[in-house]
2 protein chains.
Amino acid sequence: MLQTEETFMIQSEILCQSPIFRGISPDELLHLFGQIHYQVKTYQKNELITIGGEICDRLLIIQRGSVKAEMNDYSGKTIKIEDIEAPRPLATAFLFGKENRFPVTVSANTEVEIVSVPKPEFVKLLQLNSLILNNYLNTISSRAQFLSQKLKFLSFKTIRQKIAHYLLEMAGDRLHTVEIPQSQGQLAEMFGVTRPSLARALGEMSQEGLIETDRRYIKILDKNRMNQLLKS
Amino acid sequence: MLQTEETFMIQSEILCQSPIFRGISPDELLHLFGQIHYQVKTYQKNELITIGGEICDRLLIIQRGSVKAEMNDYSGKTIKIEDIEAPRPLATAFLFGKENRFPVTVSANTEVEIVSVPKPEFVKLLQLNSLILNNYLNTISSRAQFLSQKLKFLSFKTIRQKIAHYLLEMAGDRLHTVEIPQSQGQLAEMFGVTRPSLARALGEMSQEGLIETDRRYIKILDKNRMNQLLKS
DNA sequence: TTCGGTTTGTAACATTTGATACATTTACAA
DNA sequence: TTGTAAATGTATCAAATGTTACAAACCGAA
């Protein structure tokens with residue numbers, strides 16, 4: 001029996017660590033939520049939470065678990081955008097604006113618990129508490145910035161450039177070994193390329209002395225040439 | 001002699017048509033602006049207004065003229081993002097959030113006049129008037145939605161798909177001829193492909209009876225097959 | 001009209017990537 | 001240890017696009 005529609009309690013100690021409620025005390029948050037209507041739903045692993053194109057008229061906040069956001073192009077293929085974990089909110093940038101539709105399809109990585117606040121109720125929250133308003137403005141702006149970064153990443157033409165950009169970003173200032181968080185196949189998916197192509201590019205870069213690969217561990221050998229890759 | 005630093009008057013009749021000040025009367029707007037500090041600057045054609053990466057600590061609103069937003073990848077090439085005309089605001093989504101830097105380089109298409117409001121002063125406006133707040137939330141959200149759309153567009157793999165998507169969007173419901181706003185080269189730039197490749201794709205689609213091209217005018221002949229292109 | 005610069009059409013070739021297949025290695029559990 | 005499934009490395013071929021070059025068509029000014 002599905003629990004999807006069953007209502008659970010919010011956990012204010014967790015929610016107040018959410019970007020939107022940061023700085024609010026658990027007690028204060030409980031008091032605020034006492035003044036509005038909301039739902040708490042649970043989803044099983046792999047269950048769909050939102051479908052790209054669906055109307056977005058409520059704010060979703062993950063209270064427990066982790067979800068996966070994917071964008072599906074017209075060909076039916078999906079490009080993984082990101083993983084989102086508790087206590088982060090979903091679809092913050094699509095509550096307002098002209099086209100109130102989810103741009104991505106979201107599915108549960110694990111069993112998740114999601115707090116659902118209808119838009120009018122959330123507007124009440126924004127009016128009740130200026131800290132929440134400020135947090136929301138920051139969240140929504142960071143969202144746009146994230147999308148902007150994604151756009152920049154997709155502007156890299158070659159796989160080598162994508163690899164170079166990714167590794168340099170992961171490595172930061174260090175010249176150390178980078179560990180790919182998940183599998184090579186998932187990295188390829190994130191890059192929007194096929195796995196063999198990614199492996200080939202990694203192999204070539206390895207042969208040329210740019211990097212050293214050992215399965216999930218990649219060591220940057222020549223940071224200068226990596227940077228030049230991005231500029232040519 | 002450059003006029004860049006010279007201060008002009010705001011034109012409240014124009015500004016109140018801006019998405020951010022929609023619904024505010026010119027008089028009310030003048031009153032609101034009387035309570036904050038701001039600047040009005042002019043830029044000559046082709047003059048740089050912001051550079052990608054520069055700190056964004058003020059809201060910019062175009063009062064007169066038109067600007068061009070471009071994103072430059074590491075290779076020095078630029079991808080044109082969009083044209084923005086008076087009385088639209090610039091960089092609305094980058095005033096708040098973590099990384100307060102302009103994601104794009106903006107330059108003047110024509111001689112432009114720009115109202116510059118420092119962030120703290122703009123926050124005052126948001127607190128003074130709830131209509132402005134609501135407008136701003138809508139604007140910033142629409143911005144994220146626009147970026148999301150761009151992302152989706154870039155997810156099209158083949159040039160044919162990009163052409164199909166572009167033409168179908170331009171044509172809307174009609175089956176009529178679409179006129180490319182600018183040159184074919186600029187369209188190629190927007191697609192992130194080279195001009196000969198775009199011309200070749202157009203030529204092939206023309207040969208196959210999908211479209212009929214006459215320089216800047218493109219007639220959609222087979223809408224069904226065009227739609228199928230996006231799904232295969 | 002004629003000229004010169006810009007835009008567009010087209011071709012040949014090089015490069016990159018996708019698709020597919022298969023061998024190898026690894027991880028994990030029986 | 002051994003067996004099995006998943007992840008990875010590699011190869012081959014096809015498809016798509018970039019690169020470069022040049023000719024043709026267009027446009028505006030003299």
Side-chain angles (χ1 to χ4, degrees), chain A residues 73-80 153-167 177-219 229-232, chain B residues 73-80 153-167 177-219 229-232:
Chain A
D73 58 20
Y74 287 64
S75 71
K77 291 177 189 170
T78 57
I79 297 180
K80 178 173 174 180
F153 182 75
L154 281 188
S155 79
F156 291 121
K157 291 295 178 198
T158 66
I159 297 181
R160 296 168 75 97
Q161 286 184 322
K162 293 181 182 182
I163 293 172
H165 181 259
Y166 176 80
L167 288 181
T177 301
V178 170
E179 182 186 3
I180 300 174
Q182 293 145 351
S183 76
Q184 207 180 75
Q186 286 169 303
L187 189 63
E189 188 186 11
M190 182 178 297
F191 282 11
V193 301
T194 59
R195 188 198 57 78
S197 294
L198 176 60
R200 171 173 46 200
L202 283 172
E204 287 170 356
M205 290 172 79
S206 185
Q207 274 193 335
E208 295 169 24
L210 277 167
I211 57 177
E212 214 174 74
T213 66
D214 179 17
R215 301 188 67 81
R216 281 200 189 173
Y217 295 88
I218 302 175
K219 189 174 182 180
L229 256 185
L230 297 179
K231 289 173 187 164
S232 65
Chain B
D73 58 19
Y74 287 64
S75 69
K77 291 177 190 171
T78 57
I79 296 181
K80 179 174 175 180
F153 181 75
L154 281 188
S155 79
F156 290 121
K157 291 296 177 196
T158 68
I159 296 181
R160 296 168 75 96
Q161 286 184 323
K162 293 182 181 181
I163 293 173
H165 181 261
Y166 176 81
L167 289 180
T177 302
V178 170
E179 181 185 3
I180 301 174
Q182 292 145 353
S183 75
Q184 205 180 77
Q186 287 170 303
L187 189 63
E189 188 185 11
M190 183 178 297
F191 283 10
V193 302
T194 59
R195 188 197 59 78
S197 294
L198 176 60
R200 170 172 46 200
L202 283 172
E204 286 170 356
M205 291 172 78
S206 184
Q207 275 192 334
E208 294 169 24
L210 277 167
I211 57 176
E212 214 175 76
T213 66
D214 179 17
R215 299 187 70 81
R216 280 199 188 174
Y217 295 90
I218 303 176
K219 190 174 181 180
L229 256 184
L230 297 179
K231 290 173 187 165
S232 65

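Below, read A as the first sequence line, B as the second, and so on, with proteins coming before strands; counting in each chain starts at 1. Side-chain atoms are counted along with the backbone in the values below, which use heavy atoms only and exclude waters and symmetry mates. Everything numeric here is computed off the predicted structure, so don't read it as measured data.
Protein atom NZ of B:Lys162 is 14 Å distant from nucleotide atom P of D:dA16, rounded to whole Å. Protein atom CD of A:Gln186 is 8 Å distant from nucleotide atom P of D:dA7, rounded to whole Å. Rounded to a whole Å, the CD atom of A:Gln184 is 13 Å from the C1' atom of C:dT26. We find that CG of A:Leu198 is positioned 11 Å from P of C:dT17, with the value rounded to whole Å. Here the P atom of nucleotide C:dT17 and the CZ atom of A:Arg200 are 8 Å apart, to the nearest Å. Taking atom CD1 of B:Ile159 as the reference point, atom P of D:dT19 lies 11 Å away to the nearest angstrom. If you measure from atom CZ of A:Phe191 to atom C1' of C:dT17, you get 15 Å, rounded to the nearest angstrom.
When heavy atoms are screened at a 4.0 angstrom cut-off, B:Thr194 is found touching base atoms of the nucleic acid. Within the 4.0 angstrom heavy-atom criterion, base atoms lie near A:Ser197.
Considering CZ of A:Phe156 and OH of A:Tyr166, their distance stands at 14.0 Å, rounded to 0.5 Å. To the nearest 0.5 Å, the span separating CD1 on A:Ile180 from CD on A:Gln186 amounts to 10.5 Å. Residue A:Thr194 holds its OG1 atom at 7.0 Å from CZ of A:Arg200, rounded to the nearest 0.5 Å. Atom OG in B:Ser183 sits 10.5 Å away from atom CZ in B:Arg215 (nearest 0.5 Å). Of the inter-residue distances, the one linking B:Leu167 atom CG with B:Ile211 atom CD1 reads 6.5 Å to the nearest 0.5 angstrom.
Annotation for A:Leu229 and A:Met205: closest pair CD1-CE, 4.0 Å, computed over non-hydrogen atoms. Here the shortest heavy-atom pairing between A:Met190 and A:Phe153 reads O-CE2, 4.5 Å.
Both key distances under 3.5 Å define a Watson-Crick or G-U pair, and stretches of 3 or more such consecutive pairs in DNA chain D run C:1-30 with D:1-30.
Looking at A:Gln182 and A:Glu189, their side chains never come closer than 4.5 Å, going by heavy atoms from C-beta outward.
Checked by distance alone, B:Arg195 brings no side-chain donor or acceptor within 3.5 Å of a matching partner on the base of D:dG18.
When distances run from any side-chain atom of A:Thr158 to the nucleotides C:dT16, C:dT20, D:dT17, the shortest one goes to C:dT16. Here the nucleotide nearest the side chain of A:Ser183, chosen from C:dA11, D:dT10, D:dA7, is D:dA7.
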Would you check, one step at a time, whether the test side chain to side chain contact (heavy atoms under 4.5 Å, CB included) holds for B:Ile163 with B:Leu187?
CA-CA 10 Å; B:Ile163 293 173; B:Leu187 189 63; over 6 Å; no

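Contacts with DNA chain D (heavy atom under 4.0 Å) in residues 201-218 of chain A: A:Arg215, A:Arg216, listed by number.
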